[in-house]
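First comes the structure, then the notes that go with it.
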Amino acid sequence: MAERVFNFYPGPATLPLPVLETAREELLDFQSTGMSVMEISHRSKQYENLQNETEARLKRLLNMGDNYKVIFLGGGASTQFAMVPMNFLSPEKTADYLVTGSFAKKAYQEAKFYGHVHPAVDTSGENYRRLPRQEEINFSDNPVYVHLTSNNTIFGTQWQTFPDCGNTPIIADMSSDLLSRCFDPEPFGLIYAGAQKNLGPAGVTIVIIREDLLAKANPDLPVIYRYETFVKNNSLYNTPPAFAIYMVSLVLKWLEDLGGVKAIEKINREKAAVIYEVIDQSNGFYRGHAEKDCRSIMNVTFRLPSEDLEDKFVREATAAGLVGLKGHRSVGGLRASIYNAMSYEGCKTLAEFMKDFLAKNG
Ligand SMILES: *Cc1c(COP(=O)(O)O)cnc(C)c1O
């Protein structure tokens, strides 16, 4: 078998090795059923238990009370860009959007189909290299919700503290940093995350909804687009993406065994610091895209003095077993995605490679 590499792809992304090993072990026989979890009915007791356990574990990890409901959906985070306004916006109402990156902008554009949308801030003019200060955010008078992206995957910025939105529920796309750090769930009415960055494989999107917001959802929607449908039916209204949910359950168990979100946050901060340190001590050879006080601990974006050097970096890094480092075309350069499953060792190896590359090419 080929040796495993350090995988810095932005998503789908690296998964914890013990998780993959357990999945391999259980692939032909899930919980002594004589069937794979892929083959078993989603109405079976074994499957239902698995899903209930996954939900309970997630809420435990996030310190969330019973007023939050977890549902499992298909369609990726992008479907939530539309489902959120379908459920909570209407032609006579306004929702505020904090446009701080490409995904945030897509969410904002989808919402326009359903009602008034107000860009309370838009940092595209600075190629999304920073997040706004509280006083730069221009909320509308009475928004039904404020939508934000907690971590801007492409640009490598991350809200360090969430903005104060008063009593307006925050709806957050946490696709690339849910479970990477502790936060107070209270201001959030709804949180969604595609699994393929920090939570598992592609195919399932996790949505967490607070009951009081759910109660305000539009009733005049096709059944399949109502959050209510999935909450009422325990995400078993129709066939859920069972294998992806199973993989998420293994990732959550791995995280819980490791000590939970607080423990992983500490590791994540150390991982990010070891790479940012090389950037900051390179005398401008490596240039971070994000402003320092907005830096993400999940996606580290940086450029080199020329595109030729950037190509060379990617080529040589790949040959050294450091894979998936090419940046998104809208930023260029390099991006190291260092989600929960990326080890400190992987980040340290990348940092050493960067120092070495600088010594040879600087
Ligand atoms: C990747 C990503 C998305 C898009 O997710 P899909 O599952 O491909 O629809 C949306 N938001 C953020 C923050 C992302 O990182």
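All ligand and atom numbering here is 1-based and tracks the order in the structure. Hydrogens, waters and symmetry mates play no part in the numbers below; they use all other heavy atoms, side chains included. Sequence positions, counted from 1, serve as the residue numbers for this chain. Just so it is clear, the model here is predicted, and its values are computed rather than measured.
The minimum heavy-atom distance between L325 and A317, with the atom names listed, is CD1-CB, 3.8 Å. Scanning all heavy atoms of the two residues, the minimum distance from Y237 to V223 falls at OH-CG1, 3.6 Å.
For ligand 1, the 4.0 Å heavy-atom shell contains residues G76, A77, S78, F81, F103, T149, N151, T153, D173, S175, S176, Q196, K197.
In this structure a side-chain-to-backbone donor-acceptor pair under 3.5 Å is present from K69 to D66. E310 contributes a side-chain N or O that, together with a main-chain N or O of L304, makes up a donor-acceptor pair within less than 3.5 Å.
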For residues 103-118, please give each side-chain donor-acceptor pair under 3.5 Å, one per line with the distance, not counting sequence neighbours.
{"unit_1": "H116", "atom_1": "NE2", "unit_2": "P91", "atom_2": "O", "d": "3.3"}
{"unit_1": "H118", "atom_1": "NE2", "unit_2": "N138", "atom_2": "O", "d": "2.6"}

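Ring-plane geometry between F88 and Y227 is classed as parallel, the angle between the planes falling under 30 degrees on a 0 to 90 degree scale with a further cut at 60.
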